[in-house]
Amino acid sequence: MARPNEEVEALLQEYADLVTITGGDAYKARAYEKAARAIGGHHADVSRLDLKGLLDIPNVGKSIAEKVLEYLRTGRLAMVEEARAVIPAGVRELITIPMLGPKKALLLYEELHISSVDELLDAIHDEKLRDLKGFGAKTEENILHGIALMQQAGDRILLNAAMDVAEQIVADLSGVDGCERCTYAGSLRRMRETIGDVDILVAAARSGPLMEAITELPITAEVIAHGEKKTSIRTTKGLQVDLRVLPADAWGAGLLYFTGSKAHNIRVREIAVRHKYKLSEYGLFHAKSGKKIVSETEEEVYARLGLPWIPPALREDRGEIAAGLRDELPELIQEGDIRGDLHTHTDLTDGVATLQDMVTAAAERGYAYYAVTDHAPNLFMQRMTDAKILAQRKRVRELDGKHRRMHLLHGTELNIGPDGEVDWPDDFLAGFDLCVASVHSHFNQTRDELTRRLLRACENPHVSIIGHPTTRLIGKRRGIDADFDAVFEACARTNTALEINAHPERLDLCDEDILRARRYGVKFAVNTDAHSVTHLPYMRFGVGTAQRGWLTKDDVINTWPLQKLRRFLRKGRSG
DNA sequence: GCCGTTTTCGGCCCGACTGTTTTCAGTCG
């Protein structure tokens, strides 16, 4: 089950969308949106809060608090159900297509009765959109492109969503009688950025009770296949989960096999064949006699093939086997190596938590340091001013060292403008402990313009980190088309770190870009870009992505001791 | 629908781009 906060967030967001689509009061819709975000990002479990507790959440007033209580009490919200009766769910789906907003979606529904992406594709194909007011050839093209982008991610879902499901199922099955071991495998264990289906592995002597148990979980909507060795279900949200049960002595071989990737497995099996062995999910065997050699742990299987244990994040057939055979696998960065988060927001701009709450939550994660980097004035909608950021700095200085002796850095996330310029003049920038700089608009400039823009940001002596460098949003927006080799070279030359943004919608840079960038000797910063306390744990996905990029802790500046980090942030400037 | 204290009513995220217009609506960040 999703966290109650997320269920409520989704419900309030849905209501906000429905109000918007039906042309209701825009401010009311925004109020619901703000409340949804605040609840989703609230640290306490809403299902344990009373009316007063709910009212303490910013942007939640009496009306919404009562609606939340109604939902928690009855599992339903009459208001939302009434709205759903007017606007089918498929119309909401339409506004997730880039370029299609509430107005156009409503028009499509009212004029052409379109209420799903498939119906929209049919209508475009039949040229039915041409006659609609406000729709032209270019709009059609943009919609098609948007749909293609969505379908490119296909049925795959974001890493964090899959992880939530997997961890819940692992927890549930671990409690079943006879379950000796239980974990998730597959692309999730390899920390791929999107997940097609979830693979769960269990070690047990008797599979029956576990196969039974998974079909009876509240999250299970449909049983696709139900056998002795394997059961497949579909969750209420449409995610397929495969459960495999193995004898405990085959655990290692099974884990290796079901973690993949397919390409990695093929390579490993080739090596087995060369040794006159045979490798399957049940173990490593002598090819001739069929006698089992090892199967209990992954380490044993790899070792018999002359390989060290290969971390799952590397198992993509990108040279990890060859490196393993030479005993030259990198000592990958671990989440525990991270000493601090260098890109985070508060409610001074578009975050939903106060400075105090963010700092407290960060300290609880055991960080040695933590940077607050709210948006700067050029992102006009954030309404940042010199006075506001300076007042924040004063607060940051007051809180410095007050929570588990965690050091606070006062920074900002600058906006890289169309010409590569940033928000404040040099002397003002000099007052920050660090500046992240990111592209937030003008994504469609030419390749040359985009490249020049990023290079100029790197050359800025006050910019220490380029935030979400490609600006892609998984399944929603392609990254910008810049010459990233030139950018990587410039980063290495100017001592500017590249961010690995840990937010599951971004994971930017992605693994492949990291692999390219590291060859230039670039340093990286794994940051969450947290806009609420619930985003701080996304760090694990950033670290997973860094691992997929073969990074060690030396490559990542926020594993460094504070003094060394501070030297890096100065980029060779004095003072 | 939420918020605040120079407001308990009247504000609420502003600017730019795009594609469709014939002077601007819709969408996005």
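Lettering of chains follows the sequences in order, A, B, ..., and the numbering in each one begins at 1.
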Next on the checklist: With rounding to the closest Å, how many angstrom separate the P atoms on B:dC12 and B:dT5?
Outcome noted: 15 Å
Item to check | A:His468/A:His440 aromatic ring centres below 6.0 Å | outcome: yes
Next on the checklist: Check for me: is A:Tyr27 stacked on B:dC2 by the 5.5 Å centroid and 30° plane-angle rule?
Outcome noted: no
Next on the checklist: Whole angstroms only, please: what is the CZ-C1' distance between A:Phe135 and B:dT21?
Outcome noted: 15 Å
Item to check | Value in whole Å for how far the P atom of B:dT27 lies from CG of A:Leu94 | outcome: 11 Å
Checklist outcome for this item: Looking only at B:dC17, B:dC2, B:dG29, the nucleotide nearest the A:Arg477 side chain is B:dG29
Item to check | Interatomic distance, A:Arg472 CZ vs B:dG29 P [rounded to whole Å] | outcome: 15 Å
Next on the checklist: Any residue in residues 69-91 of chain A with a heavy atom nearer than 4.0 angstrom to DNA chain B? Just list them by number, or reply none.
Outcome noted: none
Checklist entry - Tell me: NZ of A:Lys103 to P of B:dT21, nearest whole Å? => result 18 Å
Item to check | Whole-Å distance separating the OH atom of A:Tyr15 from the P atom of B:dC2 | outcome: 11 Å
Checklist entry - In whole angstrom, what separates A:Leu144's CG from B:dG19's P? => result 14 Å
Item to check | A:Arg76, CZ: over 12 other non-hydrogen atoms inside 6.0 angstrom | outcome: no
Next on the checklist: Expressed as a whole number of angstroms, how long is the span from A:Met384:CE to B:dG15:P?
Outcome noted: 16 Å
Item to check | Atom C1', compared across B:dC13 and B:dT21: separation rounded to whole Å | outcome: 27 Å
Checklist entry - Where along residues 50-62 of chain A does a heavy atom come under 4.0 Å from DNA chain B, residue by residue in number order? => result A:Pro58, A:Asn59, A:Val60, A:Gly61, A:Lys62
Checklist entry - Which part of the nucleic acid, if any, lies within contact of A:Ala35, taking any heavy atom under 4.0 Å across all strands shown: a base, the sugar-phosphate backbone alone, or nothing? => result nothing
Next on the checklist: Using a heavy-atom cut-off of 4.0 Å across all strands, would you classify A:Ser63 as base, sugar-phosphate, or nothing?
Outcome noted: sugar-phosphate
Next on the checklist: What is the separation between atom NZ on A:Lys133 and atom P on B:dT21, rounded to the nearest whole Å?
Outcome noted: 8 Å
Checklist entry - Would you call A:Arg365-A:Glu335 a salt bridge at under 4.0 Å N-O? => result yes
